[in-house]
> 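Encoded as structure tokens, here's the structure I'll be asking about.
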2 protein chains.
Amino acid sequence: MTRHNDLKPANDDDVFEVGSPLRTGRLDDILGFHLRMANVAIYQDYTAAMGDIGLTQKQFAVLELIAANPRVSQIDIANQLSMDRATMMALVNRLESRDLLERQPSPIDRRRQELLLTEAGAEVLKQARNIQQQHELRFTSRFSPEELEQFIEGLKRVYADIIPRNSQTD
Amino acid sequence: MTRHNDLKPANDDDVFEVGSPLRTGRLDDILGFHLRMANVAIYQDYTAAMGDIGLTQKQFAVLELIAANPRVSQIDIANQLSMDRATMMALVNRLESRDLLERQPSPIDRRRQELLLTEAGAEVLKQARNIQQQHELRFTSRFSPEELEQFIEGLKRVYADIIPRNSQTD
DNA sequence: TATTGTTATACTCTATAACTATA
DNA sequence: TATAGTTATAGAGTATAACAATA
């Protein structure tokens, strides 16, 4: 229950008591640390909420991208999400084996497989959207509309120059 | 290079051109999506920057927490980072096998192992901090001090009620 | 030559369950 | 009974490299 580590406070601003969190030390000054913690918090709530459906955040994003861009290729989705082709392949395989999407060879470019939601996929996506909305609200409700807009703008600033991962040399 | 998918724009605000990113559709309204993209952007830059040292973000955080809380136990670190005990175990094993930290049985509570940085661990942490600082700056430089403070406050709001994962029933 | 899909391998992280020794 | 550490297993994501078919 309690820690035996309640000694050696680093400074007066950072004393801790039994049962309190650890000193975060230098981590507290690191943007990436807070970003990761926020991501973990959302990931955990998302996963718990989505339990029955069993769609990961990435899988959900892929289904949404296919819904918004029918007949999109794996590589375009991968680039959009800054994922590797091979990772995308594995992810699409999983969704295909659950019959949530299908691959169709492109008539224009025969290297390509076009991705389409199945009826089951569209149905699952619909259910997932509802759950996601509830989940989302548990976090967005902590912000005023103006705050939220500004916050999301900050997030976009962080990933503004994110790199497509399947471009050049291989 | 180009996509063959340049048809069926969803609406006038969302037309896309050849070579442009996909339509993100509903994803654009999802806080968790932007948070994950921001996290991916930082993760990729971090990983590239930390290449030679080979410390993951989590491993770096664990070393920092040990540095700030000498003789801390695995479970306290796990709770602080909202990680599972078993995951923490594996992570500490990796760091121990690289001689970056050592486990010492607690004289007070013999169930516990106290964690301490080795000299090599302290040295690696020092190097990692320098690299991390350069990396960090590539993102924080996009914010004014006031913007950054507000942005981080938002992140903290998101993970304010994050759950310790090793508390109750198991 | 470059691109898309594909397969294979290896590592990390995550989640769960169970066991042990200690409290 | 509950806790800390431990072990084992399985699924998911990530990174890299290579190959075939096609552009």
Side-chain angles (χ1 to χ4, degrees), chain A residues 1-5 36 39-40 43-44 46-48 50-51 54-62 72-79 81-98 103-115 163-170, chain B residues 1-4 36 39-40 43-44 46-48 50-51 54-62 72-79 81-98 103-115 164-170:
Chain A
M1 178 73 92
T2 59
R3 281 172 287 105
H4 290 99
N5 196 36
R36 245 171 34 73
N39 201 48
V40 167
Y43 167 75
Q44 289 175 355
Y46 172 95
T47 303
M50 207 59 85
L55 278 187
T56 67
Q57 288 178 308
K58 275 216 150 71
Q59 289 168 353
F60 179 78
V62 167
V72 69
S73 70
Q74 290 181 189
I75 201 132
D76 285 337
I77 295 189
N79 281 332
L81 299 177
S82 195
M83 286 171 66
D84 185 83
R85 274 183 302 169
T87 308
M88 191 67 220
M89 184 73 196
L91 193 155
V92 169
N93 283 344
R94 280 175 223 122
L95 294 176
E96 190 186 36
S97 72
R98 289 176 62 184
R103 292 173 160 114
Q104 291 183 357
S106 162
I108 307 173
D109 180 342
R110 276 148 58 210
R111 289 172 304 182
R112 283 178 177 247
Q113 299 269 28
E114 300 178 340
L115 301 180
I163 351 117
R165 315 192 60 43
N166 307 286
S167 11
Q168 54 278 61
T169 60
D170 239 35
Chain B
M1 180 71 91
T2 58
R3 280 171 288 107
H4 291 99
R36 244 171 36 73
N39 201 48
V40 167
Y43 166 75
Q44 290 176 353
Y46 172 94
T47 302
M50 206 61 84
L55 278 187
T56 67
Q57 288 178 310
K58 276 217 150 72
Q59 289 168 351
F60 179 78
V62 167
V72 69
S73 71
Q74 290 181 188
I75 201 132
D76 285 337
I77 294 188
N79 281 331
L81 299 178
S82 195
M83 287 171 65
D84 185 83
R85 273 182 303 169
T87 308
M88 190 67 221
M89 184 72 198
L91 193 157
V92 168
N93 283 345
R94 281 175 222 122
L95 293 177
E96 189 186 36
S97 71
R98 290 176 62 186
R103 293 174 159 111
Q104 291 182 356
S106 163
I108 307 171
D109 181 341
R110 275 149 56 207
R111 289 172 305 182
R112 286 182 174 242
Q113 300 267 28
E114 301 178 338
L115 301 180
R165 320 191 54 47
N166 306 286
S167 12
Q168 54 278 58
T169 60
D170 238 34

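In what follows, every chain begins at residue 1, and chains take the letters A, B, ... in the order their sequences are listed.
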> Would you say the side chain of A/R110 and the base of D/dT22 hold a donor-acceptor pair, judged only by whether the two atoms sit under 3.5 Å apart?
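Not at all, since no donor on one side and acceptor on the other fall under 3.5 Å apart.
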> Could you state the OH-C1' distance from A/Y46 to C/dA15, rounded to the nearest angstrom?
16 Å
> How long is the line joining CZ of B/R111 and P of C/dT22, in whole Å?
10 Å
> Can you measure B/Q74 atom CD to D/dT7 atom P for me and round it to whole angstrom units?
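From B/Q74 CD to D/dT7 P: 10 Å.
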> Show the numbers, then the answer: is there a side chain to side chain contact (heavy atoms under 4.5 Å, CB included) between A/L81 and B/V40?
CA-CA 9 Å; A/L81 299 177; B/V40 167; over 6 Å; no
> I need the minimum non-hydrogen distance between A/Q57 and A/Y43, along with the two atoms involved.
OE1-CD1, 3.7 Å
> Rounded to the nearest 0.5 Å, what separation is found between the OH atom of A/Y46 and the CZ atom of B/R36?
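So the gap between those two atoms works out to 9.0 Å.
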> To the nearest 10°, give me the bend of the helix from C/dT1-D/dA23 to C/dA23-D/dT1, comparing the axes of its five terminal pairs at either end.
10°
> B/R98 has an atom CZ; how far is it from atom C1' of C/dC11, in whole Å?
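These atoms are roughly 13 Å apart.
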> B/Q74 and B/M88: which non-hydrogen atoms are nearest, and at how many Å?
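Scanning both residues completely, I find the closest heavy atoms to be O-CG, 3.5 Å.
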> Which protein N or O atoms sit under 3.5 Å from an N or O of nucleotides 11-15 of chain D?
| unit_1 | atom_1 | unit_2 | atom_2 | d |
| --- | --- | --- | --- | --- |
| D/dG13 | OP1 | A/T56 | OG1 | 2.7 |
| D/dG13 | OP2 | A/R94 | NH1 | 2.3 |
| D/dT14 | OP1 | A/K58 | NZ | 2.8 |
| D/dT14 | OP2 | A/K58 | NZ | 3.1 |

> Taking all non-hydrogen atoms of both residues into account, name the closest pair between A/R98 and A/L55 and its distance.
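So the two residues come closest at NH1-CD2, 3.9 Å.
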> Rounded to the nearest 0.5 Å, what separates atom CZ in B/R103 from atom CD in B/E114?
13.0 Å
> Please state whether the base of C/dT4 and the side chain of A/R112 form at least one donor-acceptor pair under 3.5 Å?
no
> How many whole angstroms separate atom CG of B/L81 from atom C1' of C/dC13?
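Distance, rounded to whole Å: 13 Å.
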> Roughly how many Å is it from CD1 in A/I75 to P in D/dT22, rounded to a whole number?
17 Å
> What's the CG-P distance between B/L55 and C/dT12, to the nearest Å?
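So the CG-P distance, B/L55 to C/dT12, works out to 11 Å.
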> Can you tell me whether the side chain of A/R85 and the base of C/dG5 have a donor-acceptor pair closer than 3.5 Å?
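Counting by modelled atom types and ignoring angles, a donor-acceptor contact under 3.5 Å is found here.
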> Give the rounded distance in Å between these two atoms: CD of A/E114 and C1' of C/dT4.
13 Å
> Can you check whether B/R94's main-chain N or O pairs, donor with acceptor, with B/S97's side chain at less than 3.5 Å?
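Yes, because the side chain of B/S97 sits within donor-acceptor range (under 3.5 Å) of the backbone of B/R94.
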> Which atom pair, heavy atoms only, marks the closest approach of A/Q59 to A/G54?
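Residues A/Q59 and A/G54, closest heavy atoms: OE1-O, 3.6 Å.
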> Could you state the interatomic distance from CG (A/D84) to CG (A/L91), rounded to the nearest 0.5 Å?
12.0 Å
